[in-house]
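Heavy-atom basis, side chains included; hydrogens, waters and symmetry copies ignored. Every chain is numbered from 1 and lettered A, B, ... according to where its sequence line falls, protein lines coming before strand lines.
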2 protein chains.
Amino acid sequence: MELTTAEENYLKAIYHLSEGGKKSVSTNDIASAIQTKPASVSDMLRKLGEKEVIQYRKYYGLQITALGMRLALQTIRKHRLWEVFLVDKLHFAWDEVHEVAEQLEHIQSPLLIERLDAYLNYPKFDPHGDPIPDEFGDVRSRPRIALQEMGIDQSGQIVAVKDSSPAFLRYLDKVGAYIGARIKVLDKVEFDGSVEILVDQKKTIFMSKDVTNNILILTS
Amino acid sequence: MELTTAEENYLKAIYHLSEGGKKSVSTNDIASAIQTKPASVSDMLRKLGEKEVIQYRKYYGLQITALGMRLALQTIRKHRLWEVFLVDKLHFAWDEVHEVAEQLEHIQSPLLIERLDAYLNYPKFDPHGDPIPDEFGDVRSRPRIALQEMGIDQSGQIVAVKDSSPAFLRYLDKVGAYIGARIKVLDKVEFDGSVEILVDQKKTIFMSKDVTNNILILTS
DNA sequence: ATTAAATTCTAGGAATAGCTAAAAAATGGT
DNA sequence: ACCATTTTTTAGCTATTCCTAGAATTTAAT
C-alpha cells in the first residue's frame, strides 16, 4: 500500500502526537502540528481511515492501526537515517538538518535505505538522540532521565534533547554538550536548580534548570 | 523563481532534447520522453512559457531561454551528483541509480548540494561519464568518439555510454568495461564491424558493432 | 492546389490537497 | 437541563497535473 507525501506527513504527525502521552489526538492538534487548517485535517482523516492506517470515528478521536504504525515508523526511520547522514557525513549542524530530512524521508527506494543504513554503520540513534527504528519498525529505546533529575556524583551520557530549537542546539554546541558526551554531576544549587557538570572528564560547565530539564541522560 | 517537480522534469527533458542536436523540439517528442500524453505537454508548455523558461509559439516549436537553461542545468547537476553518491558511496550498480536519482534531484537545498559536491570531492563526471555542470551551470565537456570509430592500436578511456539501458549496463559490467577503464583497440573485423580490445592492459574482449557504437571514448 | 494525414491545441473532467464559510456535534458553565 | 462556546465536519472553490475526445492547424502527397 502506497502513501502520498502528504499522507506520510499526516501519519507521522499522528504517530508523534499519539506517542506524546496524549490519550486521544484531536483534529486541532494535528492541524497545528503540520501547519494546516482543521478542515484540511478532517478531509485527510477520512482518507487515512479508508486506507486503514487509522481507525477514525467522526467527532470522536482516532487511533492509529498496526499498519499505520508500521508505515509511520518506516518514515521516521528514513528521516532519522538521513539526519545521521547529514550530520556525520556532510557535516551539517544539528539545527540545519530537519527541513532537508523532511524532504529526503519521502524518497521511495527500499534499496537506498538499506544501503544508507549500512553505509552509516547501522546507527541506533539520530543526531538528536532519538532512536532509529529497524526495518521491521522495532525501536530499542533506552531508559532516559532529564539531567535535572540526576543526583550529585551521578554520571552518564547525553543521548537526547527535548527541545530541539535551533537556539537551544546552538547553545549546546557552543558549550560542548554534544550528543554522546559523557557527563558527571559535580554540584546542584538548591536555590535556582542550576547544575554544575563535568563534560568528557575535562570541561566544567554550569547549566540553568531550564537547560538541564531539556537534556536527556542515559545513566551509567 | 521556483519550479514544481513536474515543471523541472519537463524542463530537463526539453533541455536534453534540445542538446540532442534536434533543431526544434516537438510536443510529441517531449510527450514520449517523459511518458505522458501530448495534450498534457501542450498545457505545460503554456505554463513554462508564462514562467519565461521557454519561448513558446503555438503550433510552432519552442526555444529554451537562458533562464530555462540555467534551471535545467541546476537539476541535471543535482541528478548527476546524486548518481555519483549512489555509485561511489552506496555501491549501487550503474543500472540501479537512475530512478532513485530522478527523485533525489528534486530535493530543494542549495546547502545540501554544496556539501554533497564537496563530500564527493567535486566530481566532474557522473558514473555514466556525463559531465556534471558546476554551480553556475558551466559544463566542461571533453571531445569523445564512439569506440567503433577508433583505429587499430589507438587507445583511450571509456568515458560514457550512449545507451544506458539496464541490459546494456549489465553487459558492460560483466565484461569489465566500466567507466574510466583504459582500453586499446587490438583488431577490427571488416566483415561485421566487431572489435577486439584490451581492457586495463590485461583483459582481451570482443565486442560487436552494436556495442562499440554505444561506447564513448576519450582518446589519448 | 486541394485533400489526407499527422501534429498540436482546447475543452472538459478526474484526483490530490489545500482553503474559507457555514453547519453540525460535543463540551462546559451555570 | 439549557445555552454558549469550542471543536469538528461538510460544502463549495482553487490550483496543479494528469487524462480523453475532439477541434484547429500544419505538413505531406497527389
Side-chain angles (χ1 to χ4, degrees), chain A residues 1-14 17-18 20 22-64 68 71-72 75 102-103 105-108, chain B residues 1-14 17-18 20 22-64 68 71-72 75 99 102-103 105-106 108:
Chain A
M1 213 257 306
E2 306 267 300
L3 297 182
T4 65
T5 294
E7 288 167 345
E8 275 184 0
N9 284 332
Y10 273 93
L11 196 55
K12 194 161 57 99
I14 290 167
L17 289 169
S18 304
K22 289 225 170 181
K23 40 217 92 182
S24 79
V25 181
S26 78
T27 300
N28 267 343
D29 289 344
I30 298 169
S32 65
I34 65 178
Q35 307 261 71
T36 187
K37 295 286 178 290
S40 306
V41 175
S42 284
D43 248 24
M44 187 55 98
L45 292 184
R46 191 183 37 69
K47 242 185 293 183
L48 291 177
E50 281 165 15
K51 292 205 170 188
E52 305 196 335
V53 296
I54 61 171
Q55 257 192 293
Y56 175 52
R57 276 183 50 223
K58 291 197 301 197
Y59 292 107
Y60 292 82
L62 61 92
Q63 219 186 325
I64 194 163
L71 295 175
T75 306
E102 214 48 30
Q103 295 180 63
E105 75 188 5
H106 300 297
I107 302 289
Q108 312 262 217
Chain B
M1 214 257 305
E2 306 267 298
L3 298 182
T4 65
T5 293
E7 288 166 345
E8 275 185 0
N9 284 333
Y10 273 94
L11 195 56
K12 194 161 57 99
I14 289 167
L17 290 170
S18 304
K22 291 225 169 181
K23 42 215 92 182
S24 79
V25 181
S26 79
T27 301
N28 267 344
D29 289 343
I30 298 169
S32 66
I34 64 179
Q35 307 260 73
T36 188
K37 296 286 176 291
S40 306
V41 175
S42 285
D43 249 23
M44 186 56 97
L45 293 185
R46 191 183 37 69
K47 241 185 296 184
L48 292 178
E50 283 165 15
K51 292 206 171 188
E52 305 196 335
V53 295
I54 61 170
Q55 258 193 293
Y56 174 52
R57 274 183 53 221
K58 293 196 301 195
Y59 291 108
Y60 292 83
L62 61 93
Q63 217 186 327
I64 194 162
L71 294 174
T75 305
E99 60 174 326
E102 225 29 44
Q103 296 180 62
E105 75 188 4
H106 300 297
Q108 312 260 216

**Q** Identify, with sequence neighbours excluded, every residue that meets side chain to side chain donor-acceptor pair (under 3.5 Å) alongside B/Glu105.
**A** B/Lys12, B/His79
**Q** With a strict under 4.0 Å distance from non-hydrogen atoms of chain A, what nucleotide opens and what nucleotide closes the contacted stretch of DNA chain D, reading 5' to 3'?
**A**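 Listed 5' to 3', the contact boundaries are D/dT7 to D/dT10.
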**Q** If you compare every side-chain N and O of A/Tyr60 against the phosphate oxygens of C/dA26 (OP1, OP2), does one of them come in below 4.0 Å?
**A** yes
**Q** Examine C/dT8: is either OP1 or OP2 under 4.0 Å from a nitrogen or oxygen in the side chain of B/Asn28? Give yes or no.
**A** yes
**Q** Where is the tightest heavy-atom contact between A/Leu11 and A/Gly68, given as atom of each residue plus distance?
**A**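 Shortest heavy-atom contact: CD2-O, 3.5 Å.
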**Q** Measure across A/Leu3 and A/Gln108 and return the closest heavy-atom pair with its distance rounded to 0.1 Å.
**A** O-OE1, 4.0 Å
**Q** If you measure from OG on B/Ser24 to CG on B/Asp29, what distance do you get to the nearest 0.5 Å?
**A** 8.0 Å
**Q** Taking all atoms of both residues into account, what is the closest heavy-atom pair of A/Glu102 and A/His106, and its distance?
**A** O-CD2, 3.1 Å
**Q** How close or far is atom C1' of C/dT7 from atom OH of B/Tyr56, stated in whole angstroms?
**A** 11 Å
**Q** Could you run down nucleotides 11-19 of chain C 5' to 3' and tag each one B, S or - for protein heavy-atom contact under 4.0 Å?
**A** ------SSB
**Q** Quick one: CG on B/Leu48 to CG on B/Leu71, what's the gap to the nearest 0.5 Å?
**A**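 Between B/Leu48 CG and B/Leu71 CG, I get 10.5 Å after rounding to 0.5 Å.
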**Q** Give the rounded distance in Å between these two atoms: CZ of B/Arg57 and P of C/dT8.
**A** 14 Å
**Q** What nucleic acid atoms does B/Ser42 come within less than 4.0 Å of, heavy atoms only: base, sugar-phosphate, or nothing?
**A**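 Result for B/Ser42 = base.
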**Q** Could you check B/Leu45 against A/Lys58 and say which one's nearest nucleotide on DNA chain C is further toward the 5' end?
**A**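 The residue closer to the strand's 5' end, by nearest nucleotide, is B/Leu45.
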**Q** For the residue pair B/Leu62 and B/Ile30, establish whether any side-chain heavy-atom pair is separated by less than 4.5 Å.
**A** yes
**Q** Sequence neighbours left out, cut at 3.5 Å: what donor-acceptor pairs do the side chains of residues 37-46 of chain B make with other protein atoms?
**A**
| from | atom 1 | to | atom 2 | distance (Å) |
| --- | --- | --- | --- | --- |
| B/Arg46 | NH1 | B/Glu50 | OE2 | 3.4 |

**Q** Bend across the helix from C/dA1-D/dT30 to C/dT30-D/dA1, to 10°, with axes taken over 5 pairs at each end?
**A**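 Here the helix ends are tilted 0° relative to one another.
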**Q** Please list all pairs meeting side chain to side chain donor-acceptor pair (under 3.5 Å) that have one or both residues in residues 51-63 of chain A, counting only residues at least two apart or in different chains.
**A** A/Glu7-A/Lys51
